[in-house]
Amino acid sequence: MALLEVSNLSKIFGGVRAVQNVSFAVEAGIVYSVIGPNGAGKTTLFNLITGIYTPSEGQIRLDGRDIAGVAPHELARFGMARTFQNLQVCMNMTALENVMVGAHLRLDRNLFKGALRLPGIARRDALLRAEAAELMRLVGLEAFIDAHADAMPYGALKRLEIARALAAKPRVLFLDEPAAGLNPTETSEVDSLIRKVADSGVTVVLVEHDMKMVMNISDQILVLDYGKKLAEGTAAEVRRNPDVIAAYLGTHQ
Amino acid sequence: MFRSQFFGLIVLAVILVVLPFVLPNNFYLDLAIRMLINACIVLGLNLLIGFAGQISLGHAGFVGIGAYASAVLTTHYSWSPLGAMLAGALAAGVLAALVARPIFKLKGHYLAMATLGLGIIISIIVRNEAALTGGPDGMPVAALALFSFEISGEKQWYWVVSGILLFSLWASLNLIDSPFGRALRALHGSEVAAQVVGVDVAKYKLAIFVLSAVFASLMGSVTAHYVGFVTPNVADFFHSIELVTMVVIGGMASIYGSVIGAVLLTALPQALAGFEGWETVVFGSILMFCMIFMPKGLVPTLAAKFGRR
Amino acid sequence: MNGEWLPQFLQFLFSGITVGAAYALAALGFTLIYNASNVINFAQGEFIMLGGMLTVFFLQAGLPMPVAVLLAIFIPALVGILIEKLAIEPVKNAEVTTLIIITIGAALVIRGVVQIFLGKGTHSFPPFSSAEPIAIAGATLLPQSLWVLGVAALVVVALGWFFSRTLMGKAILATSYNRLAAQLVGINTSRVLFISYALSGALGAIGGILLTPITLTSYDVGIMLGLKGFVAAVVGGLGSGLGAVVGGLLVGILEAMGAGYISSAYKDAIPFALILLILFFMPRGLFGGKVTDRV
Ligand SMILES: Nc1ncnc2c1ncn2[C@@H]1O[C@H](COP(=O)(O)OP(=O)(O)OP(=O)(O)O)[C@@H](O)[C@H]1O
Ligand SMILES: [Mg+2]
């Protein structure tokens, strides 16, 4: 059984069919990429799977369990984590705290214990601080460990989101255009980071416009166009697919 | 970095200990007590508005619930002050919990409208149920006796309220730096981001709303016993606005800002007493002036100026 | 109940529609400013108060009615412009809470100034035409109510015309949909703001002037009237002109019915109970559309 199975998924906004009847499956441990032109419905697909939007139709299964319409915070319990195309960094917190928030479910969140700062909470928080700093180093943000989020440049914030997602110790990680707006050096850093994450056993679902990165890194690729599934396969298969070539060159029927 | 915040707590404790010995008379001690009580309420409200990012324009309603629970239950039903105080807190908490889910689905101006409506309804009830509450004239409240010990005189009240404030500040500093508090601030920063890391946003909003409502109610009870009299003004819209203003002027999401905001705005009417008739105008102008030139509030603005975050 | 229900019902309905019309004007004022600048102007109620109080003042000063009324509309419009120029423009992108407090500050200043110069007394002036009530099916209708309804209807029609037929009106609408796009096509959005605040001040004042012969006025009536106008605007979905009018009438009628049939002591609570119920079930008001927040 595949880790994630999506069948006949659709989402309609008013008149716009953002995702239409899309089906695919993601095996555990692979890097699965979703590509397609602007407005193809990639982000909407992510939002459906991670519970931000409720599907108009279709099923989403994680480990065989139907998760369509389940709230995002519930899905986090099942080991889902994600980043956002439009940054969702908490600008009212420090960089380190943003990463610490990622570990939310692994902590004792009791209000009163927190307010009284019981020794257990204090000890765990101290460990978490070190852990979060380690994650920031991993994503190449060692320079920003003491920074406030609102003082960080765009490229750094993108990677901060990845660190936050990793802090949750997810089983499946959804990355929505992690390299958008990054310079070539940063992009190659993100590229090798994704490899590292995948090698550690985390399943990665990736949306990215950087074709070099996608072709190099992906085990499987899903191509969306106008909300519909256009093709699916390995990098080599997708590259040869005439429909994909047509869609990307803009010679639409 | 965060640890250094506790330094402020020590400074404040020292000031609070020295203050009664330098204040010339009971008038100033009374003023100080009212500042400290307001600081507590504002602190609770700042957790909601500043840290969790959820506005409430009806918070005086909860202060009113506490004040009138203490007044009515002790006077008409001969409850013990402690029992009445807890009953008020319970009522405020239950009410807050009941309305929290639907209210916090709302955002921005809709949330402002709903909380405002809630507060106004409470204040209208207090004003209208004259048989119990004395209506617009208000009613007297007995002294606060805890078991066989009775708190009386400005000096005793001062120490009690100082203790409450110091403890609340310490607990709040802890809270915002705990897993619960970070989740709360995260949902302010980005609700979706908080959701996808597993924060049950509705539950956290409810928890902090209930906490700040209960706290407001408790401090309402304290005020009622201290002053010895309650009027419907404690619950009305203008008082809600005063509280929010204290939060904003001191600085949203600033623990010490809550204290500064409360101190300044409690002192302001006294300072304006010489302006006969012009109080409202000056008060309004100060609100506008502060918000236009220091929209982040005093403490954060000054902290930024002196290079600390 | 007995056969008397119809006259009684009509009586409540008349008084409800009358105040409802004033709420509708206030709600339109809220809506105008909200659309132009995304600000809820808590000083809106003070415009209503200013309309009534200034008319009283100018009449006492010996000016003829029409002049007094015109001045009492013109000055609040000016005050609206002042608020916009001095307090809103400088902080354009501030947080909602900050903006709310600024407008509350403005409301306090207006109220304080009126209290100082015009006193704390309650005032009124004679109705525009006869004070003789008109009997309709056993109920009575004050001629002044007809004035309120007639003028409010006229204002609504004029506004409709303004927004659909004039360049300025269309510019305001365009700005409310998308400020940046409006700027890009060359709309002077600063002028749009200016006009919206002026109009909104005038609208509030007109409501206040019309209502004063029926409900009296004093320096402190602004808060309640303004808050109810806000309720009406939110009932209508905040941002919709038609919604504001329907919301105003609805709030007025329900308030009058509630006061008549349920409890007059709780009259002022009714609009707020109403808005809580509506928001609980329809988070964007009766006429607000459903949208999915983009992420
Ligand atoms: N919340 C929403 N409400 C209405 N329409 C939406 C919403 N979210 C997305 N859409 C529409 O759905 C379609 C797909 O958008 P989506 O953001 O999923 O595309 P995408 O493939 O991620 O594009 P890009 O590469 O530009 O990020 C677009 O037409 C978009 O306008
Ligand atoms: Mg996208």
Side-chain angles (χ1 to χ4, degrees), chain A residues 46-47 50-52 71-84 86-94 96-118 121-122 124-125 128-129 146-151 161 164-165 167-168 170 174, chain B residues 1-3 5-6 43-44 47 49-53 167-204 206-212 214-215 251-254 296 300 303-304 308-309:
Chain A
F46 268 28
N47 285 340
T50 55
I52 312 274
H73 69 268
E74 297 285 346
L75 293 176
R77 276 171 219 282
F78 302 150
M80 265 196 196
R82 69 170 287 182
T83 66
F84 296 87
N86 301 319
L87 286 179
Q88 295 290 340
V89 173
C90 302
M91 294 299 180
N92 55 338
M93 301 167 83
T94 68
L96 199 68
E97 285 172 335
N98 266 280
V99 180
M100 290 165 82
V101 163
H104 181 73
L105 289 176
R106 297 193 283 119
L107 305 173
D108 183 347
R109 282 106 48 194
N110 187 292
L111 192 165
F112 299 102
K113 289 188 195 167
L116 297 177
R117 200 174 193 81
L118 296 189
I121 300 263
R124 185 69 189 82
D125 257 20
L128 180 61
R129 242 164 237 284
D146 292 323
H148 203 270
D150 65 6
E161 285 212 345
R164 178 175 66 198
F174 293 82
Chain B
M1 183 186 55
F2 239 108
R3 298 290 97 192
Q5 292 257 18
F6 290 94
L43 184 60
L47 289 177
I49 298 183
F51 288 97
F167 174 78
S168 318
L169 283 172
W170 173 75
S172 302
L173 286 170
N174 287 338
L175 186 68
I176 58 167
D177 196 21
S178 75
F180 181 96
R182 282 193 300 269
L184 210 57
R185 289 150 68 210
L187 76 84
H188 182 192
S190 162
E191 215 165 302
V192 264
Q195 282 172 333
V196 300
V197 298
V199 178
D200 183 346
V201 168
K203 194 175 111 187
Y204 277 77
L206 181 143
I208 198 64
F209 189 50
V210 170
L211 181 76
S212 73
V214 166
F215 199 53
M252 289 208 260
S254 163
K296 282 190 188 313
R308 250 196 35 206
R309 294 213 68 114

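In what follows, chains carry the letters A, B, and so on, assigned in the order in which the sequence lines appear, proteins first and then strands, with residues in each chain numbered from 1.
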Which pair of heavy atoms, one from [X] and one from [Y], lies closest together, and at what distance?
X: Cys90(A); Y: Ala186(B); value: SG-O, 3.4 Å
X: Phe167(B); Y: Leu116(A); value: CZ-CD2, 4.0 Å
X: Tyr204(B); Y: His104(A); value: OH-CE1, 3.0 Å
X: Ala115(A); Y: Asn174(B); value: O-ND2, 2.9 Å

Exercise. Any ion pair linking Asp177(B) and Arg129(A) (charged N to carboxylate O, less than 4.0 Å)?
Worked result: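 The answer is yes: the pair qualifies as a salt bridge.
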* Asked: Hey, are Arg182(B) and Asp125(A) close enough for a salt bridge, meaning a charged N less than 4.0 Å from a carboxylate O?
  ->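 Counted as a salt bridge, because a side-chain N and a carboxylate O are separated by less than 4.0 Å.
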| When rounded to the nearest 0.5 angstrom, what distance separates CD in Gln195(B) from CD in Glu74(A)? |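 These two atoms lie 11.0 Å from each other.
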Nearest-0.5 Å distance that lies between atom CG in Asp200(B) and atom CZ in Arg77(A):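 Spacing of CG (Asp200(B)) from CZ (Arg77(A)) equals 7.5 Å.
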* For Lys296(B), all residues meeting salt bridge (Lys or Arg N to Asp or Glu O under 4.0 Å), sequence neighbours excluded ->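 Partners of Lys296(B) by the salt bridge (Lys or Arg N to Asp or Glu O under 4.0 Å) criterion come out as none, since no residue qualifies.
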Practice item. Please name all residues satisfying salt bridge (Lys or Arg N to Asp or Glu O under 4.0 Å) with Arg164(A), sequence neighbours left out, ordered by chain then number. Key: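 Partners of Arg164(A) under the salt bridge (Lys or Arg N to Asp or Glu O under 4.0 Å) test: Glu161(A).
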Heavy-atom contact with chain B under 4.5 Å, split by part of Asn98(A)
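For Asn98(A), neither part sits under 4.5 Å from chain B.
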Exercise for review: Give, as side chain, backbone, both or neither, the part of Leu128(A) having an atom under 4.5 angstrom from any heavy atom of chain B.
Suggested key: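 For Leu128(A), the side chain is the part near chain B, not the backbone.
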If I measure from the heavy atoms of chain A, does Ala253(B) come under 4.5 Å with its side chain, its backbone, both, or neither?
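Neither part, no heavy atoms under 4.5 Å.
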Considering the options Leu107(A), Leu111(A), Ile121(A), which one meets the side-chain contact (heavy atoms from CB on, under 4.5 Å) requirement together with Phe180(B)?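 That would be Leu111(A).
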**Item:** Top contributor to chain A interface from Val192(B), Ile208(B), Leu211(B) [non-hydrogen pairs under 4.5 Å]
**Value:**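 Of Val192(B), Ile208(B), Leu211(B), Val192(B) has the most heavy-atom pairs under 4.5 Å with chain A.
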Below 4.5 Å, heavy-atom pairs only: which of Ala207(B), Ser190(B), Ser178(B) has the largest tally toward chain A?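 Heavy-atom pair counts peak at Ser190(B).
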Sidechain-backbone polar pair: Asn92(A) side chain, Arg185(B) backbone, donor-acceptor under 3.5 Å
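Side chain of Asn92(A) to backbone of Arg185(B): a pair is present.
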Ile52(A)/Val196(B) under side chain to side chain contact (heavy atoms under 4.5 Å, CB included): CA gap, chis, key distance, verdict
CA-CA 9 Å; Ile52(A) 312 274; Val196(B) 300; 3.8 Å; yes
